[in-house]
Q: 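The structure under discussion is supplied below as structure tokens; questions concerning it will follow.
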Amino acid sequence: PQSEPPPTTDRKPDSGDHASPAKWRVGARGFATNHPSWGTPNPGVMGFASVEVPWGFHAMMFEGGIGASFAHGSTPQELAASVGPTTVQSSLTFVIVDTEACLLDVPIGESGFSLLGCLRVAGGTFSGSGGAVYPSVGLAVWGGLSTRLRWQSPIRLFLEVNFDAMYGTISDAADNSPGWFEGGASLGFQI
């Protein structure tokens with residue numbers, strides 16, 4: 001007697017389709033800070049890459065970036081007394097390595113918008129000019145909380161705006177309460 005083949009089914013073997021695959025993103029961000037050593041926003045740019053995984057509250061994202069921040073201005077207020085009546089022009093340039101973990105990702109209906117809550121830790125090297133106002137080179141580190149509003153278009157393009165509350169160091173000559181805010185906007189692609 002001939003053996004009959006096993007019955008066929010339309011179901012494929014379980015390939016872990018219970019969870020969405022990881023989503024990769026790359027993009028660029030422009031930002032500005034109001035660190036109290038300067039009193040006016042200083043601009044910066046950053047390139048970043050991130051991976052989003054289906055964990056946590058809806059999703060979780062991990063991001064790394066490399067960028068630079070620039071400042072140019074007069075003598076910082078906290079050093080004005082020691083420098084004297086002469087205004088000293090100074091500049092400060094950072095090369096930054098930035099990391100973020102967004103543990104909260106809440107979609108806003110079916111609009112393509114989502115609200116993200118992130119923890120941020122960053123560090124970098126800086127070089128300054130201006131004689132006694134800033135050291136010529138040094139290291140800095142800071143951390144804080146970040147809130148983002150993202151719009152994901154149907155064609156993989158995404159836009160984000162962010163607002164961060166930060167605390168850390170900016171140079172050996174920075175004031176005693178180095179807390180500041182940062183705002184920015186990003187443009188990128190989901191791969």
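Being a predicted model, the structure only gives us computed values, none of them experimental. When a residue number appears, it is its place in the shown sequence, counting from 1.
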Q: How close do Phe48 and Ala28 get, counting heavy atoms only, and between which atoms?
A: CE2-N, 3.5 Å
Q: Do the non-hydrogen side-chain atoms of His58 and Glu52 ever get within less than 4.5 Å of each other?
A: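 No. Closest side-chain heavy atoms not under 4.5 Å.
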Q: Over 60° means perpendicular and under 30° means parallel, so classify the ring planes of Phe94 and Phe126, tilted if in between.
A: tilted
Q: Between the side chains of Arg25 and Glu160, is the shortest nitrogen-to-carboxylate-oxygen separation below 4.0 Å, so that they form an ion pair?
A: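 No, no charged N to carboxylate O under 4.0 Å.
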Q: Can you confirm if the aromatic rings of Phe189 and Phe158 lie within a centre distance of less than 6.0 Å?
A: no
Q: How close do Val53 and Ala22 get, heavy atom to heavy atom, and via which atoms?
A: CG1-CB, 4.2 Å
Q: Is there a path of hydrophobic side-chain contacts, each under 4.5 Å between heavy atoms, that joins Met61 and Leu187?
A: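 Cluster IDs for Met61 and Leu187 differ.
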Q: Is there a donor-acceptor contact under 3.5 Å from the side chain of Thr99 to the main chain of Val121?
A: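 Flag set: sc Thr99 to bb Val121 pair under 3.5 Å.
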Q: Between Asp105 (side chain only) and Leu116 (backbone N and O only), is there a donor and an acceptor less than 3.5 Å apart?
A: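 Not at all, since once roles are kept as given, no pair shorter than 3.5 Å links the two residues.
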Q: Nearest 0.5 Å, what's the OG-CD1 distance between Ser69 and Ile96?
A: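 It is 5.0 Å, given to the nearest 0.5 Å.
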Q: Please lay out, stage by stage, how Thr33 and Asn42 fare under the test side chain to side chain donor-acceptor pair (under 3.5 Å).
A: CA-CA 5 Å; Thr33 70; Asn42 55 296; 2.6 Å; yes
Q: Keeping the roles fixed (side chain from Gln152, backbone from Leu157), state whether a donor-acceptor pair exists under 3.5 Å.
A: yes
Q: Is Phe163 reachable from Leu149 through a run of hydrophobic residues whose side-chain heavy atoms are each under 4.5 Å from the next?
A: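 Different clusters.
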Q: Is Met46 linked to Ile66 within one hydrophobic cluster, defined over Ile, Leu, Val, Met, Phe, Trp and Tyr using a side-chain heavy-atom separation of less than 4.5 Å?
A: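 Met46 and Ile66: separate clusters.
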Q: Nearest heavy-atom pair of Trp142 and Gly168: which atoms, and what distance?
A: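 Looking at all heavy atoms of both residues, the closest pair is CB-CA, 3.7 Å.
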Q: Hey, can you tell me if Phe62 and Trp55 have their rings parallel, tilted or perpendicular (30° and 60° cut-offs)?
A: perpendicular
Q: What are the two closest heavy atoms between Asn162 and Ala185, and how far apart are they?
A: OD1-N, 3.8 Å
Q: Which heavy-atom pair separates Ser50 from Glu63 by the least distance, and what is that distance?
A: CB-CB, 3.8 Å
Q: Distance check, rounded to the nearest 0.5 Å: Arg29 atom CZ versus Glu182 atom CD?
A: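 The CD atom of Glu182 is 8.0 Å from CZ of Arg29, to the nearest 0.5 Å.
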Q: With a 4.5 Å limit on heavy-atom distance, are the side chains of Leu145 and Asp164 in contact?
A: no
Q: Does a side-chain heavy-atom distance below 4.5 Å link Leu103 with Leu119?
A: yes
Q: Answer whether the closest heavy-atom distance between the side chains of Cys102 and Met60 falls below 4.5 Å.
A: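 When only atoms from C-beta onward are counted, Met60 and Cys102 do not touch, as no gap falls below 4.5 Å.
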Q: If hydrophobic clusters are built from ILVMFWY residues whose side chains come within less than 4.5 Å, do Trp151 and Val161 share one?
A: yes
Q: Would a hydrophobic clustering, with Ile, Leu, Val, Met, Phe, Trp and Tyr connected at side-chain separations under 4.5 Å, put Val26 with Ile155?
A: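 They do not share one cluster, since no chain of ILVMFWY contacts under 4.5 Å joins Val26 to Ile155.
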Q: Which pair of non-hydrogen atoms, one from Pro107 and one from Ser114, has the smallest distance, and what is that distance?
A: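 Looking at all heavy atoms of both residues, the closest pair is CA-CB, 3.9 Å.
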Q: Taking C-beta and beyond as the side chain, do Lys23 and Arg156 meet within less than 4.5 Å on heavy atoms?
A: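 A side-chain contact under 4.5 Å is absent here.
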